[in-house]
Amino acid sequence: MATLDEIKTYAIEHHVPIMQDAGISFICDYIKEHKIKKVLEIGSAIGYSAINFALVSEDVLVTTLERDVNMYEEACKNIHLMHLDERIQILNVDAKEAQISGEYDLLFIDAAKSQYRFFFEKYAPLVSLDGVIITDNLSFHGMVKNPNLTNNRNTRQLVNKIRLYIEFLKNNPDFDTTFYALGDGISVSKRKPKN
Ligand code: SAH
Ligand code: MG
């Protein structure tokens, strides 16, 4: 039987960028505290975070999107081994084009960093009024704060995109965002109350 530790070891050995422990436990606590029932995740990789979310409580249902077929297949295997097929629906789709419906209490964005704003705008309408949008990797290994950590042009462009996304969140008229310096940097965006 697969265990979370085995999935994590696999991720480390195969360089799969799963969420860091601090980030995972932050979101799991959030799910528990706010009695989150429906989660939509963008970027499943091998299912590690989705499995962690589903294990918080038997009421939690996760829909998760993954475009890479190898990741998708590994995730399916792990979800099955953890006996979570009934509560985690994984779709092998590109989240840029996917047609997803339903209402979610939590949208978790953890896919291509250059597309964060696009994902936020595309999927925010599926988030319930008192729901929340959480984004991972906003510090991007410390490079968002300190761009001199890399000379790689593509990495710098990515870091710049993340910076623009942070500005977008800060200036968003519809959402209030709090930033947390844990894991690789997480934001929690809540809809502003309308009056
Ligand atoms: N949430 C996972 C880690 C996700 S890593 C965990 O913590 O366990 C990011 C994943 O997003 C990669 O597997 C990548 O293939 C996927 N991804 C990137 N862009 C995507 C897109 N446009 N649509 C769907 N998946 C995407
Ligand atoms: Mg991540």
Side-chain angles (χ1 to χ4, degrees), residues 2-31 36 39-56 60 62-82 84 87-100 104 106-124 126 133-144 154-155 157-159 161-162 165-166 169 179-189:
T3 64
L4 282 174
D5 279 344
E6 281 165 6
I7 299 173
K8 196 171 162 184
T9 304
Y10 176 98
I12 294 164
E13 280 170 2
H14 293 80
H15 309 286
V16 179
I18 59 167
M19 223 191 174
Q20 297 180 18
D21 290 343
I24 287 278
S25 50
F26 177 86
I27 300 183
C28 287
D29 288 349
Y30 194 95
I31 290 174
I36 301 276
V39 180
L40 176 61
E41 175 182 68
I42 315 298
S44 334
I46 60 172
Y48 182 71
S49 50
I51 289 169
N52 272 280
F53 302 158
L55 289 176
V56 170
V60 176
V62 183
T63 298
T64 180
L65 315 183
E66 175 54 56
R67 72 173 170 194
D68 181 286
V69 69
N70 296 318
M71 292 283 188
Y72 165 79
E73 282 173 358
E74 193 61 32
C76 289
K77 215 162 73 190
N78 289 331
I79 292 164
H80 185 66
L81 287 168
M82 299 294 292
L84 289 168
R87 291 198 290 115
I88 302 179
Q89 180 191 31
I90 176 163
L91 304 171
N92 184 204
V93 290
D94 186 327
K96 291 199 294 271
E97 284 134 32
Q99 302 284 334
I100 304 295
Y104 299 88
L106 166 61
L107 167 64
F108 176 48
I109 303 176
D110 194 19
K113 315 306 163 212
S114 56
Q115 304 288 332
Y116 272 2
R117 177 172 179 170
F118 181 85
F119 294 142
F120 188 104
E121 290 181 318
K122 178 172 160 87
Y123 292 104
L126 301 185
I133 301 176
I134 299 185
T135 311
D136 188 33
N137 303 106
L138 293 183
S139 95
F140 207 61
H141 320 293
M143 288 186 258
V144 171
N154 289 339
T155 311
Q157 271 170 2
L158 213 54
V159 166
K161 283 266 188 176
I162 297 175
Y165 179 68
I166 293 170
L169 292 179
F179 297 89
Y180 296 90
L182 46 84
D184 193 30
I186 284 178
S187 63
V188 177
S189 308

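Counting convention: from 1, in listed order, for ligands and their atoms alike.
- Under 4.0 Å from ligand 1, not a single heavy atom of Ala11 appears.
- For atom 7 (O) of ligand 1, the closest non-hydrogen atom of the protein is Met19 N, 2.8 Å.
- Side-chain atoms of Thr64 do not come within 3.5 Å of backbone N or O of Ile90 as any donor-acceptor pair.
- Scanning the protein for heavy atoms near atom 23 (N) of ligand 1, the closest one is Ala95 N, 2.8 Å.
- Remark: ligand 1 atoms within the under-4.0 Å shell around heavy atoms of Asp68 are 15 (O).
- Against a heavy-atom cut-off of under 4.0 Å, Tyr48 is close to the following atoms of ligand 1: 8 (O).
- If you check each of Gly23, Ser49, Ala75 against atom 2 (C) of ligand 1, the one with the closest non-hydrogen atom is Ser49.
- Nearest-heavy-atom check against atom 1 (N) of ligand 1 across Thr64, Leu65, Asp110 picks out Asp110.
- Looking at Asp110, its N, O or S atom nearest to the Mg ion (ligand 2) turns out to be OD1.
- Here Ser49 fails the criterion, with no N, O or S atom under 2.8 Å of the Mg ion (ligand 2).
- Residue-level proximity to ligand 1 for Gln115 is absent, since no heavy atom of it falls below 4.0 angstrom.
- In this structure, CD1 in Ile7 is found 7.5 Å from CG in Leu81, a value given to the nearest 0.5 Å.
- Heavy-atom proximity to Val93, at under 4.0 Å, picks out these atoms of ligand 1: 23 (N), 24 (C).
- Taking every heavy atom of Ile18 and a limit of under 4.0 angstrom, the matching atoms of ligand 1 come to 6 (C), 7 (O), 8 (O).
- Interface of Asp94 with ligand 1, defined as ligand atoms under 4.0 Å from a residue heavy atom, comprises 21 (C), 22 (N), 23 (N).
- With hydrogens and angles ignored, the 3.5 Å screen pairs no side-chain donor or acceptor of Ser187 with any backbone N or O of Ile134.
- At a heavy-atom distance under 4.0 Å, no atom of Phe53 approaches ligand 1.
- In this structure, the protein non-hydrogen atom closest to atom 15 (O) of ligand 1 is Glu66 OE2, 2.6 Å.
- Using a non-hydrogen distance threshold of 4.0 Å, Asp136 does not register as a contact of ligand 1.
- When only non-hydrogen protein atoms are considered, atom 25 (N) of ligand 1 lies nearest to Arg67 N, 3.2 Å.
- Looking from atom 18 (C) of ligand 1 to the surrounding protein, the closest heavy atom is Ala112 N, 3.3 Å.
- Of the listed residues (Gly43, Ala50, Gly183, Pro17), the one carrying the non-hydrogen atom nearest atom 5 (S) of ligand 1 is Pro17.
- Atom OD2 is the N, O or S atom of Asp136 at the shortest distance from the Mg ion (ligand 2).
- Summary of contacts: the protein heavy atom closest to atom 17 (N) of ligand 1 is Ala111 CB, 3.7 Å.
- Here Ile42 has no heavy atoms under 4.0 Å from ligand 1, in either its backbone or its side chain.
- Applying the 4.0 Å criterion to heavy atoms of Phe119 picks out, from ligand 1, the atoms 22 (N).
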